[in-house]
*Asks:* 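The structure under discussion is supplied below as structure tokens; questions concerning it will follow.
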Amino acid sequence: MDVSRRQFFRICAGGMAGTTVAALGFAPKMALAQTRNYKLLRAKETRNSCTYCSVGCGLVMYSLGDGAKNAKETIYHIEGDADHPVSRGALCPKGAGLLDYVHSENRLRYPEYRAPGSNKWQRISWDDAFSRIARLMKDDRDAHFMETNATGVTVNRWLSTGMLCASAASNETGMLTQKFVRALGMLAVDNQARV
Ligand code: SF4
């Protein structure tokens, strides 16, 4: 075979590149033989409760990101928490589909406010939302708090505002919620579980 000087250098360069790639472990046979990495291998685990209903099943959420400032965390797998005393790892279909809920475009991620008479919601900061809630509660309580009833019996109650709580809250959160609302004199307290 006649090989020109230029062709000779091309053949040598190609051969060296192939040898180097194979030496680095990129030979197709070796690559195909490698086992797939376990998908949760480098995940960060976070425990939580399902948000859907009052059963409050336990979850383990797996996310990427090591907590570093520039690392963007994203949840990519959710499963039942086998150590959870209520659900012991089980989830119903709604809970098993929580990953779609977490990443849903329709999920509300920040407080919104609709002014009286307006048909539009506007985004506000969490500070603004908390300040507004506190202001409205204070004003309403000052205006409607009853120390005694019509017969003069001390009642110390506030009937014009109620609170809707989360049924999936822990016992401790539930106790603090009760203490908070009862200390204010509020009687209307409810959640979706009616407990
Ligand atoms: S997994 Fe199902 S049963 Fe459990 S809390 Fe969520 S919605 Fe309720």
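When a ligand or atom number is given, it counts from 1 through the structure's own listing order.
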*Asks:* Which protein N, O or S atoms lie under 2.8 Å from atom 8 (Fe) of ligand 1?
*Replies:* Cys53 SG

*Asks:* Quick one: does Ile78's side chain get under 4.5 Å of Val60's, heavy atoms only?
*Replies:* no

*Asks:* Please identify each residue that fulfils ring pair (Phe, Tyr, Trp, His ring centres under 6.0 Å) with His144, with sequence neighbours left out.
*Replies:* none

*Asks:* So if I apply the side chain to side chain contact (heavy atoms under 4.5 Å, CB included) rule between Leu184 and each of Lys138, Met163, Lys179, Arg141, which one comes out positive?
*Replies:* Arg141

*Asks:* Under a 3.5 Å cutoff, is there a donor and acceptor pairing between the side chains of Thr151 and Asn149?
*Replies:* yes

*Asks:* Check this for me: does any side-chain nitrogen of one of Glu105 and Arg107 sit under 4.0 Å from a carboxylate oxygen of the other?
*Replies:* no

*Asks:* Indicate whether any N or O donor in one side chain lies under 3.5 Å from an N or O acceptor in the other, for Ser131 and Asp128.
*Replies:* no

